[in-house]
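Reviewing the structure listed below.
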Amino acid sequence: MTHDHHHEVHDELAPELNPDAEEAKAEQKRNRTLGNVRLRHHETNEIILIPTPSNDPNDPLNWSQPYKYYMAIVVCLAMMMCNFLAAGPSIAIAEAAFTFFPSSFASGDEGAINSAISKCAYFFTTTALLQGTGNFLWVPLCNKYGRRPCYIASYTIYLATAVWCIFEGEYNGFLVARILMGVGSGAAETIAPVSIADVFFLHERGTIMAMYNCFLSVGVAGGMMVAGLITINHDWRVIYQVASALIGFVLLLAVFSFPETAYVRRNSSGLTDSSTVTRFSGDKSAGHGSDIENVVPSDISTPPAKETYLQSLKIFHRTYTNESFFKLFFRPFGLICLPPILWVALVQAATIGFIVAVSSNVAVAFADAYDFEPWQVGVCFVAGIIGSLIGIPAGGYFGDWVADFFTQRNGGIRDPEMRLPAIIPSLICAPLALVLYGIGIEHKLHWICPTIGLGLPANVRFLSLRLVNFAISQGTSVALVYVIDSYRPVAGEVTLAVMGFKSLFGFLLSFYTNPWVEKSGYQDAYGAMAGISAGILILFLPLYIWGKAIRHASWNWPVISYMHWEDDREVGE
């Protein structure tokens, strides 16, 4: 077989599944499915486990459910800490500026003080930018050499730079430390969705991805809140001391309790001829280990022995793909041209990008409107944490339920678009939150409505923070799971394309928010952001109707043909 012919055969998309007839063996050998999979048995309507687990005890899909959830929690902690130092210390930006540029403050010249503060803003904008762009290095490494070495290497860099920031007295040195911190702290953000897809079945993924998205925004809110409370009685550098201890703790968890989640699924891609039996879940709602009926696959080869704990601590296990590093590096640049991925990148940018805008401006806004101290602004972010937590069931469980409802109506065949209607709550909340925030600050609204059950005062602005964080963890998780389901073999590159675009957007927005607000006023600036976010989110409708056709047509675009993946990236879905 010539190389060209080999490519022709391998780049064909799998034919559509027939809802009325099931051919278990043929269906398991399909490659290039673009998310078109049988998720429910066409006669019994029971959930089929996608991807099909092997009979290898080291297969991450065979790990116990409590252990899988423990791993999800470690990933979420890593996610939360990623953003903890990215935005948190910005609460004390004036204090940091005073430390690095005391002469500007001594002169009493307002222009010099503002210049010093804007120089210190680079600490946060550069970290945010490098968190996204640094992943262009981490993701190819994680695809080729596994997830574990990347988590450990990136968190080691993160810890080293956090400790560096405690002791660095010069502005330039501190800026270098913050730039390198971006490179180290961003890796978990993009590798986490890949780890989740490695370990959890298709029908469980929405809920775990919602946890991931929640902790992404809780990291920002929690960082702001903790940093604000620290500044009441302590120097701003104590923020870095506390963060270093927390980052060190997560690094220890990763080293001693987080195994490699990458796994080469030989059966699914038909590379070895094993007659694997599909396993069904006994409970229609599925999702708990006890509901899953184990049917031992009648594999020809005997399964390897289970890895010992010490073996699992190896940092590097093997190479996971033969694809060149060059191809792995450039694939995300091509993937962003695909309409579904571009849309999800815009959703991330419009929701997370705008919370960056809110947080880059919040200390100034609250000081002007309400004479708030930094710690009081930090406490406001409690509302953000509550909103994010509410977003977990709304984005995860609700998203899985909506997708399953449409799957059952389609004779048990799942297409990724079936998840999209679950984004409607965000379509309502994201614009509303931005409008409330803009109006609340512009008109200095003071009317108070009691927070149910707590008796704490909660202004309109608190409600807006709660809503915008809800919209982030709800909308982004629905959108991100949609594209990961569509292009699962290259989940890492897909997430990178989305997150890289989002951090570029957030970086630019953080420069333009304050001038935009000064020119247009809070109401008009945030009103415009609300209109933009609504315009982007409503695009789920054309994608729901024509998304499948668009994905199939765009697969054959000349620029995309360079992005097609090799068989060894297939994972059986």
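Please read these numbers as outputs of a predicted model, since none were measured by experiment. For the single chain, residues carry numbers from 1 onward in sequence order.
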Query - Ring-ring centroid check Y158 Y155, cutoff 6.0 Å - result: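 Distance test on ring centres: under 6.0 Å, yes.
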
Query raised in the report: Which one of L141, I191, V75, I152 satisfies the side chain to side chain contact (heavy atoms under 4.5 Å, CB included) criterion with R147?
Result: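 The passing option is I191.
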
[X] side chain to [Y] backbone, donor-acceptor under 3.5 Å:
{"X": "T127", "Y": "R178", "value": "yes"}
{"X": "R148", "Y": "A254", "value": "yes"}
{"X": "D59", "Y": "S54", "value": "yes"}
{"X": "R569", "Y": "R488", "value": "no"}
{"X": "N83", "Y": "A86", "value": "no"}

Can you see which heavy atom on [X] is nearest to which on [Y], and at what distance?
{"X": "V199", "Y": "L61", "answer": "O-CD2, 3.5 Å"}
{"X": "W63", "Y": "N58", "answer": "NE1-O, 3.8 Å"}
{"X": "V402", "Y": "P421", "answer": "CG1-CB, 4.1 Å"}

Query raised in the report: Checking side chain to side chain contact (heavy atoms under 4.5 Å, CB included) for the pair Y309/F256: CA distance, chi angles, key distance, verdict?
Result: CA-CA 9 Å; Y309 172 68; F256 292 107; 3.7 Å; yes

Does the side chain of [X] reach to within under 4.5 Å of the side chain of [Y], using non-hydrogen atoms?
{"X": "Y145", "Y": "T319", "value": "yes"}
{"X": "W546", "Y": "E417", "value": "no"}
{"X": "Y67", "Y": "P259", "value": "yes"}
{"X": "N36", "Y": "K548", "value": "yes"}
{"X": "L49", "Y": "P53", "value": "yes"}
{"X": "Y263", "Y": "D56", "value": "yes"}
{"X": "E566", "Y": "N322", "value": "no"}

**Report entry** Residue pair Y70, F258: steps toward the ring pair (Phe, Tyr, Trp, His ring centres under 6.0 Å) verdict
**Finding:** CA-CA 9 Å; Y70 166 75; F258 197 90; 8.3 Å; no

Query raised in the report: Taking the inter-plane angle between the rings of Y482 and W343 on a 0 to 90° scale, is it parallel (under 30°), tilted (30 to 60°) or perpendicular (over 60°)?
Result: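 The rings of Y482 and W343 stand perpendicular, inter-plane angle above 60°.
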
Query raised in the report: Between F136 and F333, what is the ring plane arrangement, given parallel below 30°, perpendicular above 60°, and tilted in between?
Result: parallel

Exercise: do [X] and [Y] side chains pair donor with acceptor under 3.5 Å:
{"X": "W565", "Y": "E570", "answer": "yes"}
{"X": "D400", "Y": "T207", "answer": "yes"}
{"X": "N135", "Y": "E189", "answer": "no"}
{"X": "S426", "Y": "Q474", "answer": "yes"}
{"X": "Q348", "Y": "T476", "answer": "no"}

Report task. May I ask you to establish whether R318 and F316 are in a cation-pi arrangement, using a distance under 6.0 Å from NZ or CZ to the six-membered ring centre and at most 45° from the ring axis? Result -> no

Query raised in the report: Under the criterion salt bridge (charged side-chain N to carboxylate O under 4.0 Å, His left out), which of R205, R409, R419, R40 is the partner of D404?
Result: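 Running salt bridge (charged side-chain N to carboxylate O under 4.0 Å, His left out) over R205, R409, R419, R40 with D404 returns exactly one hit, R40.
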
Report task. Check the pair Y151, S195 against side chain to side chain donor-acceptor pair (under 3.5 Å), reporting the backbone distance first and the verdict last. Result -> CA-CA 11 Å; Y151 279 124; S195 293; 2.9 Å; yes

Query - Which residues share a salt bridge (charged side-chain N to carboxylate O under 4.0 Å, His left out) with K144, sequence neighbours left out - result: none

Requested in this report: Starting at OG1 of T190, measure out to CD of E493 and round the result to the nearest 0.5 Å.
Outcome: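 Answer rounded to 0.5 Å: 11.0 Å.
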
Query raised in the report: Are F325 and F330 close enough, and set up right, to give a ring pair (Phe, Tyr, Trp, His ring centres under 6.0 Å), and what steps lead you there?
Result: CA-CA 9 Å; F325 199 80; F330 280 103; over 10 Å; no

